[in-house]
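What you see is a predicted model, and the numbers here were worked out from it, not measured in a lab. So you know, we letter chains A, B, ... as the sequences are listed, proteins then strands, and number each from 1.
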2 protein chains.
Amino acid sequence: MRPYSDALQRLRDAGLRPTRQRLALARLLFSGEENRHVTAEDVHAEAQAAGTPVALATVYNTLNQFTDAGLLREIVVEPGRTYFDTNIDDHHHFFIESESELIDVPAESLSVSEMPELPDGTEIRRVDIVVRLKDRDAAAS
Amino acid sequence: MRPYSDALQRLRDAGLRPTRQRLALARLLFSGEENRHVTAEDVHAEAQAAGTPVALATVYNTLNQFTDAGLLREIVVEPGRTYFDTNIDDHHHFFIESESELIDVPAESLSVSEMPELPDGTEIRRVDIVVRLKDRDAAAS
DNA sequence: ATACTTGCAAATCGTTTGCAATACC
DNA sequence: GGTATTGCAAACGATTTGCAAGTAT
């Protein structure tokens, strides 16, 4: 449970003006549970529920700002839906397709054996591994 | 260079009625270059250019049918844009973010070391590895 | 005081769908 | 002929943007 002042500090450190809305969202995202995978809709709903109404557009803008500032990480696993991960450390994901659920996998337990030669003039920014899971008993479609 | 009749056979084998449009798109996708990464827009534009006008909606529907039939594979790397890969073998990708370009990486040259325990009742459907690249000389944003 | 933020609604983008017209077997 | 497929436009869901009003420093 990180305290309120941490959210404030986090924003300051990221060079983001600590406005009412940003603080509210930062507290929602960074207090409590450690590794969360949320959509903008999720965060919007939570903010409403927490009695801190924030426009959906502002949620989108804020999540993008947090991402640019390195406080969040964007995950793309499904077409047409963006998830944000509060865990910004090096790690990977299980993705349960039937439930659209993401689960963190520590980087240590899933590493790449050997990297092929990169195209000229490029360097690695990140390696994303998504292990797509299905229910074992599911009827083959 | 696979011949025309191959496209026809491919559709038959997949249980898809070989209509004019599906044949046209199958030929575009499966003749010529081996491993292509295309968006629906790309395919639509190519069809126009090839003198085989097909409605964009039909392109979408057809690409989805091909994917369901196992002729194509869907790749999700960018929010809000779906790529289709004509290479359906086990493999992974480089993704050059500055150009939105995908490059195939053979499965052998990039394998996962050790798989953590899966959540209960699930099994692996696929492992997707995306190595995100940036230009080496690019100014840090 | 002034620049940065927010809210809201409208705009946009990629993709899907409904339905009448058309093509395949 | 009967069913699957197409085209088109309209519907859609997620995300972004423009601008007037509000707020942090």
Side-chain angles (χ1 to χ4, degrees), chain A residues 4-5 7-28 37-48 50-69 71-72 74-84 100 102, chain B residues 7-28 37-48 50-69 71-72 74-84 100 102:
Chain A
Y4 165 64
S5 60
L8 214 185
Q9 196 53 50
R10 221 175 250 252
L11 293 180
R12 290 236 157 90
D13 291 350
L16 293 171
R17 208 192 258 188
T19 66
R20 194 184 323 296
Q21 292 78 346
R22 297 215 264 233
L23 272 169
L25 299 187
R27 265 181 259 131
L28 278 176
H37 305 102
V38 294
T39 64
E41 287 286 358
D42 293 339
V43 175
H44 184 238
E46 282 185 34
Q48 305 305 130
T52 320
V54 180
L56 179 57
T58 301
V59 172
Y60 273 105
N61 293 333
T62 303
L63 291 177
N64 286 332
Q65 289 156 178
F66 283 9
T67 302
D68 290 344
L71 300 176
L72 288 176
E74 209 177 39
I75 313 178
V76 194
V77 277
E78 269 183 329
R81 176 171 256 85
T82 302
Y83 291 88
F84 293 89
S100 287
L102 278 164
Chain B
L8 215 186
Q9 197 52 49
R10 219 175 253 251
L11 293 180
R12 291 235 157 90
D13 292 350
L16 294 169
R17 209 191 257 187
T19 65
R20 195 185 321 300
Q21 294 75 346
R22 297 216 265 232
L23 272 170
L25 298 188
R27 265 181 260 128
L28 278 177
H37 305 100
V38 295
T39 64
E41 287 284 358
D42 293 340
V43 176
H44 184 238
E46 282 185 35
Q48 306 304 132
T52 319
V54 179
L56 179 56
T58 300
V59 173
Y60 273 105
N61 292 333
T62 304
L63 292 177
N64 286 332
Q65 289 157 177
F66 283 9
T67 302
D68 291 345
L71 301 176
L72 287 177
E74 209 178 36
I75 313 177
V76 193
V77 278
E78 269 183 329
R81 174 171 257 87
T82 302
Y83 291 88
F84 294 89
S100 287
L102 278 164

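Separating the CD atom of B/E78 from the P atom of C/dC13 is a distance of 15 Å, rounded to the nearest angstrom. Distance CZ (A/R22) to C1' (C/dC4): 8 Å, rounded to an integer number of Å. Atom CZ in A/R12 sits roughly 15 Å away from atom C1' in C/dC4 (whole-Å rounding). Atom C1' of nucleotide C/dT15 and atom CG of B/D68 are separated by 15 Å, given to the nearest angstrom. In this structure, A/L16 places its CG atom 12 Å from P of D/dT25, rounding to the nearest Å. Straight-line distance from the CG atom of A/N61 to the P atom of D/dC19: 15 Å, rounded to whole Å. If you measure from atom CD of A/Q48 to atom P of C/dC8, you get 10 Å, rounded to the nearest angstrom. The NE2-P distance, from B/H44 to C/dT15, rounds to 13 Å in whole Å.
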Report the C-alpha separation of B/L71 and B/F84 in whole Å, then their side-chain angles, then the decisive distance to 0.1 Å, and conclude whether the side chain to side chain contact (heavy atoms under 4.5 Å, CB included) test is met. CA-CA 10 Å; B/L71 301 176; B/F84 294 89; over 6 Å; no
List the steps, then state whether side chain to side chain contact (heavy atoms under 4.5 Å, CB included) holds for B/Y83 with B/E74. CA-CA 6 Å; B/Y83 291 88; B/E74 209 178 36; over 6 Å; no
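Residue A/R17 places its side chain closer to C/dA3 than to any other of C/dT16, C/dC24, C/dA3. Side-chain proximity of B/T58 to the nucleotides D/dT6, C/dC8, C/dG14 is greatest for D/dT6. The side chain of B/Q21 lies closest to D/dG7 when the candidates are C/dC24, D/dT17, D/dG7. Nearest nucleotide to the side chain of A/L56, out of D/dT15, C/dC24, C/dT5: D/dT15. Distance from the side chain of A/Y60 is smallest for D/dT15 among the nucleotides D/dT17, D/dA24, D/dT15. Out of D/dG7, C/dT15, D/dA24, the shortest distance to the side chain of B/A55 is found at D/dG7.
Annotation: side chain of B/R22 is in contact with side chain of B/F66 (closest heavy-atom distance under 4.5 Å).
Counting non-hydrogen atoms under 4.0 angstrom, A/P18 reaches the backbone sugars and phosphates but no base.
B/D42 places a side-chain N or O within 3.5 Å of a backbone atom of B/T39 that can act as its donor or acceptor partner.
An OP1 or OP2 oxygen of D/dT15 is reached within less than 4.0 angstrom by a side-chain nitrogen or oxygen of A/T82. Between D/dA4 and B/T19, no contact under 4.0 Å exists linking OP1 or OP2 to a side-chain N or O.
One side chain, B/E78 or B/S100, offers a donor N or O that lies under 3.5 Å from an acceptor on the other.
Where B/A57 and B/R20 meet DNA chain D, the nucleotide closest to each residue was compared, and B/R20 sits on the side nearer the 5' end.
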